[in-house]
Amino acid sequence: MNYWLFKTEPDEFGIDDLQSRGRERWDGIRNYQARNLLRDQVRCGDQVLIYHSSCKAVGVAGIAGVVSEPYADPAQFDPDSKYFDPKASPEAPRWFALDVGFVEKFPRVLPLARIKSQPQLAEMVLIRQGRLSVQPVTAAEWQLLTTLARQG
DNA sequence: GCCAACGTTGGC
DNA sequence: GCCAACGTTGGC
């Protein structure tokens with residue numbers, strides 16, 4: 001079982017939306033590095049930190065669980081979708097999605113600034129590399145981060 | 001809105 | 001393959 005961090009803009013879809021819906025497709029990943037992780041390494045049963053970006057309270061908002069294996073993102077085949085990719089075909093999909101289920105909403109969003117200020121978290125991919133919407137989290141990072149977040 | 005840090009595109 | 005131009009992400 002592996003740990004991940006997925007970024008999302010809560011104005012589009014955030015932890016509250018996931019909580020009310022229970023389960024949702026995580027799609028629209030259009031970055032090759034993120035795609036490769038999603039397709040090759042993320043598996044059903046893995047756990048995911050939900051990170052809110054480009055919003056008022058930037059930080060980790062809660063936890064989701066991966067509840068499907070990765071599959072071809074249907075949006076790439078839909079000409080009406082903003083995620084349509086004319087170079088993709090069902091025989092040769094380029095982009096992948098998976099389903100996530102709600103697990104937990106933290107009492108407060110754990111702010112990015114707080115994460116940066118923790119020496120044990122300063123090596124997170126989140127801090128070291130920007131612009132990656134699917135990224136690995138170590139067990140030690142997961143343990144500390146969730147502990148801090150649950151303290152509010 | 002600004003801007004830094006990337007990623008992508010396309011001419012050559 | 002190089003690299004300039006352009007586009008996107010995302011914190012602040």
Side-chain angles (χ1 to χ4, degrees), chain A residues 2-21 24-42 46-66 70-100 102-138 140-142 144-152:
Chain A
N2 287 312
Y3 297 113
W4 306 96
L5 181 147
F6 290 0
K7 290 184 184 174
T8 183
E9 298 187 13
D11 293 346
E12 297 286 324
F13 188 86
I15 194 73
D16 291 330
D17 301 297
L18 184 58
Q19 183 166 31
S20 63
R21 296 187 58 86
E24 187 77 356
R25 171 178 296 154
W26 205 269
D27 59 2
I29 304 293
R30 293 294 182 271
N31 166 285
Y32 286 106
Q33 200 180 347
R35 188 279 308 267
N36 291 346
L37 288 169
L38 197 81
R39 182 190 60 189
D40 302 336
Q41 295 191 41
V42 184
D46 287 357
Q47 290 200 273
V48 180
L49 296 171
I50 299 299
Y51 177 86
H52 284 179
S53 70
S54 298
C55 61
K56 216 168 177 182
V58 166
V60 179
I63 297 174
V66 178
Y71 53 90
D73 183 349
Q76 68 193 310
F77 310 128
D78 175 5
D80 295 328
S81 168
K82 65 171 176 174
Y83 297 120
F84 177 64
D85 184 342
K87 294 178 187 164
S89 67
E91 298 74 33
R94 300 177 87 190
W95 307 110
F96 290 80
L98 45 70
D99 296 344
V100 296
F102 175 80
V103 173
E104 178 178 348
K105 178 186 175 181
F106 296 138
R108 281 198 169 80
V109 171
L110 185 70
L112 176 61
R114 183 91 193 282
I115 297 170
K116 284 181 175 171
S117 74
Q118 290 285 328
Q120 305 98 312
L121 297 179
E123 295 297 309
M124 284 184 73
V125 176
L126 179 69
I127 309 302
R128 305 212 45 148
Q129 178 184 354
R131 309 175 35 132
L132 185 59
S133 56
V134 172
Q135 51 180 263
V137 174
T138 70
E141 290 162 353
W142 179 279
L144 177 57
L145 198 150
T146 55
T147 300
L148 292 173
R150 288 178 181 126
Q151 291 166 357

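Convention: sequence-line order gives letters A, B, ...; per-chain numbering from 1.
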### Message
Suppose we screen for salt bridge (charged side-chain N to carboxylate O under 4.0 Å, His left out). Which residues come up paired with A:R131, at least two apart in sequence or across chains?
### Response
none
### Message
Test of understanding: with salt bridge (charged side-chain N to carboxylate O under 4.0 Å, His left out), list the residues that count as partners of A:R150, not counting sequence neighbours.
### Response
A:E104
### Query
When you check the side-chain N and O atoms of A:R25 and A:Y71, is any donor under 3.5 Å from an acceptor?
yes
#### Entry: Partners passing salt bridge (charged side-chain N to carboxylate O under 4.0 Å, His left out) against A:D78 (at least two apart in sequence or in another chain)
none
### Message
Each nucleotide in nucleotides 3-12 of chain C should get exactly one letter: B, S or -. Can you fill that in based on protein heavy atoms under 4.0 Å?
### Response
----BBSBSS
Determine all donor-acceptor pairs shorter than 3.5 Å in which one atom belongs to a side chain in residues 5-18 of chain A; sequence neighbours excluded.
from	atom 1	to	atom 2	distance (Å)
A:T8	OG1	A:F13	O	2.5
A:D16	OD1	A:K105	NZ	2.7
A:D17	OD2	A:G14	N	2.8

### Query
Under 3.5 Å, is there a donor-acceptor pair between the side chain of A:R35 and the main chain of A:I29?
no
#### Entry: Any side-chain donor near an acceptor of the partner, A:Q33 and A:Q129, under 3.5 Å
yes
## Note on the structure
Numerically ordered, the residues 86-98 of chain A set in heavy-atom contact under 4.0 Å with DNA chain C is none
